[in-house]
Amino acid sequence: MTGNEKGGTRSAINSRLENLRNLSPAARLDRVGDVVSLTDTERNVFAGGGLPIALADGMIENVIGTFELPIGVATNFTINGRDYLIPMAVEEPSVVAAASYMARLARKSGGFFTSSTGPIMRAQVQVLEVRDPHGARARILKEREAIIAAANVKDKVLISLGGGCRDIEVHVFDQTTAGPMVVVHLIVDVRDAMGANTVNTMAEAVAPMIETISGGVVRLRILSNFADLRIARAMVTVASETLQTDEYTGDRIARGIVEACALAIVDPYRAATHNKGIMNGIDPIVVATGNDWRAIEAGAHVWASRSGRYTSLSTWEIDAKGHLVGTLEMPMALGLVGGATKTHPAARAALKILGVESAQELAEVAVAVGLSQNMGALRALATEGIQRGHMSLHARNIAIVAGATGDEIEKVAASLAADHDVRVDRAKDVLELIRAEKV
Ligand code: COA
């Protein structure tokens, strides 16, 4: 069954799609497409690669083709009482499974709860050759209204949508390797845009005025990816009974997750991997929706080091009732309009699957998925180890590398996973055996 060609406002969905994993890709697309009312055109985008060459040629330079990644859908997510299906474009096995698994556990206690600041970005204007940097700062701040007005002349559409430059800050660096510097920040509400182009244009527009006021020379005029005013937060609470498995008590698993996080808080070697695990959940949404994953990564890691020491982006605690409580708070500069988000047909269709109505909602969903992913990795690490689940799913990759095709892939993968021996040479042996039996 396929949907009709007309989209429409999303009604409530149920993200608990049992057995999705056991369907073929085409049947999964149909099931997801039916739930979120994808049109035939939108379904074809996923079935057929998604990006026409003519569009690709307009996006970057010297285009020779397109590059594909798998796109999967994480199930079971409830965020602020509403169910979401999560499109994830990623090359790594076990990411979609782990996010879906933890979301399944979380939904027993109501799922994830999120909040966020407004969509506020910063642009920086670097001023050099200022004899009196502090005097220049005072003069610039005195002209705050005029500078904001000059910035806002540039984007009538943004102003009509309720956005625009809201404020300025002036930072002085008394000494750098290139002498003293004054840096003016434009604080801009970019609404549903990621905002890079918007704030860059504003920074360039106000530069001559800032030169006149400061008596200096403006050089750089560009956004900061340290989006510390555009923060999204997620929280999850899971009863320890929910975590229980045949091998481990729920309390033991909850404690293990808290202990794992404790190491990430004090040790940058662990924090880098811990935060990478969080980004395993976030980047695939950023990519699937055509957003700038380098900007998100830059913002995440500078935020993780804002105290002067690189640390965990998330926290895990056990509350007074013995429940596991996880939180994640970080910059999330995502857009719904502009750039590839608007032009890439697969990004449009991925946004349709998500059913988000604002960039802020998208940012909150992304952080909730990051927290779920973090919980999945920590749960595995604190119990059976990361390799069991990861390698059993990676086994399908290895089977393909060994030359398996069609139904051979699952057969070879199952044999490798059962023996806990996921290697290409072993996969080749198994494949030979399967083929010999067929003859
Ligand atoms: N496809 C899709 N979802 C899957 C899946 C698959 N192949 N395997 C597991 N899941 C999800 C599903 O949500 C499933 O519940 P549901 O089907 O009722 O919705 C849930 O996980 C539990 O399934 P189960 O078969 O009991 O999983 P498991 O106990 O064997 O765990 C992993 C498998 C991969 C989910 C688990 O080992 C894990 O989370 N590992 C950590 C992986 C990770 O962090 N990877 C990233 C860094 S390496």
Side-chain angles (χ1 to χ4, degrees), residues 13-25 27-29 31-32 35 70-78 83-108 111-112 236 238 242-248 250 253-254 256-257 260-261 264 270-285 313-314 316 324 326 328 353 368-400 409-414 416-418 420 422:
I13 63 156
N14 181 357
S15 65
R16 176 87 191 109
L17 305 187
E18 280 175 55
N19 284 325
L20 189 70
R21 63 202 273 187
N22 299 320
L23 303 178
S24 68
R28 288 189 198 117
L29 176 57
R31 180 113 185 260
V32 169
V35 172
I71 183 158
V73 171
T75 55
N76 304 327
F77 274 86
T78 303
D83 273 20
Y84 292 84
L85 289 170
I86 314 292
M88 300 178 84
V90 64
E91 88 300 342
E92 188 172 350
S94 82
V95 163
V96 175
S100 304
Y101 187 11
M102 295 304 107
R104 193 187 87 186
L105 300 187
R107 69 193 274 123
K108 290 192 180 158
F112 298 83
V236 68
V238 184
T242 306
L243 293 166
Q244 189 169 326
T245 64
D246 293 344
E247 293 161 83
Y248 300 92
I253 295 176
I257 290 175
C261 187
R270 176 58 208 151
T273 322
H274 177 98
N275 292 342
K276 190 274 182 184
I278 291 171
M279 302 316 287
N280 272 346
I282 292 173
D283 284 339
I285 305 174
L313 286 166
S314 64
W316 290 95
L324 178 69
L328 174 60
I353 292 175
V369 178
L371 185 58
S372 187
Q373 198 74 44
N374 184 220
M375 180 176 159
L378 296 188
R379 189 209 58 85
L381 282 167
T383 55
E384 78 256 12
I386 203 74
Q387 288 302 73
R388 189 158 98 189
H390 182 76
M391 288 313 270
S392 65
L393 295 174
H394 185 52
R396 289 186 296 179
N397 257 338
I398 297 297
I400 293 167
I409 297 170
E410 285 307 327
K411 284 185 189 160
V412 173
L416 300 182
H420 300 295
V422 184

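Not measured: the values here are computed from a predicted model. Order of appearance sets the numbers: ligands from 1, and atoms from 1 within every ligand.
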Checklist entry - Does the protein put a heavy atom less than 4.0 Å from atom 25 (O) of ligand 1? => result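 Within 4.0 Å of atom 25 (O) of ligand 1, protein heavy atoms are found.
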
Next on the checklist: Checking contacts now, so for atom 43 (C) of ligand 1, which I'm interested in, is there any protein heavy atom under 4.0 Å?
Outcome noted: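 Yes, at least one protein heavy atom sits under 4.0 Å from atom 43 (C) of ligand 1.
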
Any chance you could measure [X], atom [atom1], to [Y], atom [atom2], to the nearest 0.5 Å?
X	Y	atom1	atom2	answer
I278	M375	CD1	CE	13.5 Å
I353	I86	CD1	CD1	10.0 Å
R270	L381	CZ	CG	5.5 Å
I13	L85	CD1	CG	4.0 Å
L378	I386	CG	CD1	8.5 Å

Would you check if the side chain of [X] reaches a backbone N or O of [Y] as a donor-acceptor pair within less than 3.5 Å?
X	Y	answer
N275	L313	yes
Q373	M279	no
S372	A368	no
R104	N76	no

Among all the protein's non-hydrogen atoms, which is closest to [atom], and how far away is it?
atom	answer
atom 11 (C) of ligand 1	A97 O, 3.4 Å
atom 21 (O) of ligand 1	Y101 CB, 3.1 Å
atom 7 (N) of ligand 1	L393 CD2, 3.5 Å
atom 45 (N) of ligand 1	S94 OG, 2.7 Å
atom 39 (O) of ligand 1	A98 CB, 3.4 Å
atom 37 (O) of ligand 1	G389 CA, 3.2 Å

Checklist entry - Taking the minimum heavy-atom distance to atom 17 (O) of ligand 1, which of M375, K276, R21, Q373 ranks first? => result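 Shortest heavy-atom distance from atom 17 (O) of ligand 1: R21.
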
Checklist outcome for this item: Looking at R104, E18, R379, the heavy atom closest to atom 16 (P) of ligand 1 belongs to R104

Relative to the heavy atoms of [X], which atoms of ligand 1 are at a distance of less than 4.0 Å?
X	value
A380	40 (N), 41 (C)
S100	13 (O)
A377	44 (O)
E92	47 (C), 48 (S)
N76	13 (O), 19 (O)

Next on the checklist: When you measure from the heavy atoms of V96 to every atom of ligand 1, does any distance fall below 4.0 Å?
Outcome noted: no

Checklist entry - So is R16 close enough to ligand 1, meaning a heavy atom under 4.0 angstrom away? => result yes

Item to check | Carboxylate-amine/guanidinium proximity below 4.0 Å for D83 and R16 | outcome: no

Next on the checklist: Looking only at the side chains, is there a donor atom on one of R21 and S100 sitting less than 3.5 Å from an acceptor on the other?
Outcome noted: no

Checklist entry - Is it the side chain, the backbone, both or neither of E384 that has a heavy atom closer than 4.0 Å to ligand 1? => result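 The side chain, only.
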
N/O of [X] under 3.5 Å from N/O of ligand 1, yes or no?
X	answer
N280	no
R396	no
T75	no

Item to check | Qualifying residue, where the test is side-chain contact (heavy atoms from CB on, under 4.5 Å) with V369 and the options are L328, I282, N374, I285 | outcome: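 Exactly one candidate clears the test, I285.
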
Item to check | salt bridge (charged side-chain N to carboxylate O under 4.0 Å, His left out) against K108, all qualifying residues, sequence neighbours excluded | outcome: none

